[in-house]
Structures are given as structure tokens and as C-alpha cells.
Enquirer: 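Got a structure for you, written out below as C-alpha cells; questions coming shortly.
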Amino acid sequence: MSKKYHAKLVNSSKMVKDAHAGKYAIGHFNINNLEWTKAILEAAQETSTPVIIATSEGAIKYMGGLKTIVGMVNGLLEELDITVPVALHLDHGQSVEMAKKCIEAGYSSVMFDGSHLPYEENLAKVNDLMKFANDHEVSVEAEIGSIGGEEDGVVGSGELGDPKQAEEMSKTGISMLAAGIGNIHGKYPDWWTGLSFDTLEELQKACNMPMVLHGGSGIPQDQVKKAISLGISKINVNTELQLAFRDATRKYIEEKKDLDDSTKGFDPRKLFNPGFKAIKNTFVELTQMFGCDGKAK
Ligand code: 13P
């Protein structure tokens, strides 16, 4: 018997489909803790912006497990009276079993990243996941090629996606497809030559569906806009929010505000506040660049 586990959360399908048709991209933001989640949800609500919040498997372990995350997110949606569309997404799920566990725990969207597997195995596993995901109204993201660099222990060589594979993957019923197009997780190194738009164009022609740009931190605005015009409908951001949080927290500490006992500058609610605000501001800047701000109006 099928069951929808996510009460107020929505899946990502409509969000990315609308974005694909309207030539903008939905922001996917990785979360690490309560402050991250609350900052993103508040900023999304204040700007009427649909949003995908995501956890890697590493973040799931860090935050204490799936029940903790689902409970926290659902609690915030209710208590902060969040009315914009919000999806809770598994980022770079390394196995179909993990994706199914997330669905059962209440995630509304999952990525199965089989890019480390031989392609036929990747495709077979995506097909295996689809029925379960459809039964629970959960959206699925798959990946071909690979994203360069390392994220939470997931390492990719940066192999470009293959159009034939993109076409096959599009027929599995997935809602969005990630592909290597010269993108890299983390800070872009000096030798980086930019996104491969020829590859993106070929892949989009082959699959004609919403595509996902991983490694969304630090890509120059003109390249982001061009990628969106060529079919990118979801952009994944992790490092950029971490850097914003780091810079704001560093400033607070360098100004020795944490050492001011008379104002209780050591209180974590004060210590984390500049970083919290920086996450909100960065969310607003990025979603304006992606063109998804205000799209929940
Ligand atoms: P960045 O850390 O480079 O923003 O990449 C995030 C990402 O792609 C998550 O899947």
C-alpha cells in the first residue's frame, strides 16, 4: 500500500518543472543544523520563494539521524507558519536503500547518485527506486557523468555527461537530472576554465527535462544565467552559505564580542546570530540571481 509520509512538505517535481518552463532555477541549499534550516526557511518565506533544503548522508549523521531532521523541518514549517513550497531532499544518496529510508522517514525528494557505478547499474538502480518513490509521491534526481571535487566524502572525477545516457535517464520518470558539465563541488580552483555549455546544450537536447547544476557556489553570474537559459532548473549550493557563515562569525569573534561578558556575548544565540543573518542575506542574493525569488507568490 502506498503512503505519503511528508505532510506539509512538497516534492520537487512541480517546482523544477515550472522553473524549466519559466527559465529560472530553484535554489537547493544544504543544511547543517537548526540555524541553517531556520535561516533558509525564514528567508524563503519573507521573499515568497520556493526552496529545496537538502542533507548529504554526512549531514544526516552529523545532525543525529533522519528522525531528528524530519522532526525539526516539519516542526519549523508548522511553527514558523511557512506557506511557500518547501522540499526536503536527500543530496548524493549513495544507495537505493538510503533513498528509500529517507522516503520512509518523511523526505519529499531524493537524489540517487549512481555516478560512481557502471552506467547500466546506475540506470537499473534508478529504475528500481522509481516505483517506490512514485508510490510515495517523492521526486527523484539521478546523475550521469560526475561532479568534480569532493563533498562529504563523495569524490567525483568531473567526467562530462553523455547525451545518450541523458535521454535514457529521462525515460525513467525522474524529475531532474544532474550531469557533469565541468562543475566542481567546493571553491573553484584557479585552473578552472568554466562550465561546458556545449555539453549542457547537447544533454538538454537529448533529455529535454529540468537539469541540476551541482557545485553552485562561486560560479560567475553570466555563466549561471547562461546555464539556466540552456535548461538548468535547480542549482545546488553548500559552500557559499558556509563561507558566509564563517566570515560573519569570524568578524564577531575578531571584534571580541564573544568575550564581552557584560552583554553575554558568549550566549550561542548571540554568537550564531551574525552567521544566521549572513545565511539569510546570501540566500536572497543567490535566489535573485537564479530568478526563483518571489515565484511562490
Ligand atoms: P557547493 O558546495 O560547491 O556549493 O556544491 C553544493 C552541491 O553541489 C551539493 O550537492
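We use all heavy atoms of the structure for the numbers below, so side chains are in, but hydrogens, waters and symmetry mates are not. First listed ligand is number 1; within each ligand, the first listed atom is number 1.
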Enquirer: Check this for me: does any side-chain nitrogen of one of Asp162 and Lys164 sit under 4.0 Å from a carboxylate oxygen of the other?
Expert: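 Lys164 and Asp162: not salt-bridged.
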Enquirer: Within the 4.0 Å heavy-atom shell around His214, which atoms of ligand 1 are there?
Expert: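 It comes down to these atoms of ligand 1: 8 (O), 10 (O).
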Enquirer: Which protein heavy atom lies closest to atom 2 (O) of ligand 1, and at what distance to 0.1 Å?
Expert: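 Going by distance alone, atom 2 (O) of ligand 1 is nearest to Thr239 OG1, 2.5 Å.
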Enquirer: Is Glu167 salt-bridged to Lys171, going by a charged N under 4.0 Å from an acidic O?
Expert: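 So Glu167 pairs with Lys171 through a salt bridge.
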Enquirer: Describe, in one word, how the ring planes of His185 and His214 are oriented to each other, choosing from parallel (under 30°), tilted (30 to 60°) and perpendicular (over 60°).
Expert: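 If you compare the ring of His185 with that of His214, the planes turn out perpendicular.
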Enquirer: Just need the protein heavy atom nearest to atom 4 (O) of ligand 1, so name the residue and atom and give the distance.
Expert: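 Going by distance alone, atom 4 (O) of ligand 1 is nearest to Ser217 OG, 2.5 Å.
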Enquirer: Would you call Asp247 and Lys251 a salt bridge, using N to O less than 4.0 angstrom?
Expert: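 The answer is no: the pair does not qualify as a salt bridge.
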Enquirer: Which residue holds the protein heavy atom closest to atom 8 (O) of ligand 1, what is that atom called, and what is the gap in Å?
Expert: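 Sorting protein heavy atoms by distance from atom 8 (O) of ligand 1 puts Gly215 N, 2.8 Å first.
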Enquirer: Give the ring-plane orientation class for Phe290 versus Phe29, where under 30° counts as parallel, over 60° as perpendicular and anything between as tilted.
Expert: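 Aromatic pair Phe290/Phe29 classed parallel.
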Enquirer: Does ligand 1 have a heavy atom under 4.0 Å from the side chain of His92, from its backbone, from both, or from neither?
Expert: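 The part of His92 near ligand 1 is the side chain, not the backbone.
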Enquirer: Identify the closest protein heavy atom to atom 9 (C) of ligand 1: which residue and atom is it, and at what distance?
Expert: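 That would be Asp91 OD2, 3.1 Å.
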Enquirer: Could you list the atoms of ligand 1 found under 4.0 angstrom from a heavy atom of Gly186?
Expert: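 Listed by number with element, the hits are 1 (P), 2 (O), 3 (O).
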Enquirer: For Asn30, which part has a heavy atom under 4.0 Å from ligand 1: side chain, backbone, both, or neither?
Expert: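 For Asn30, the contact with ligand 1 is made by the side chain alone.
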Enquirer: Should the pair Glu78-Lys8 be classified as a salt bridge under the 4.0 Å nitrogen-to-oxygen rule?
Expert: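 A salt bridge is absent here (no side-chain N lies under 4.0 Å from a carboxylate O).
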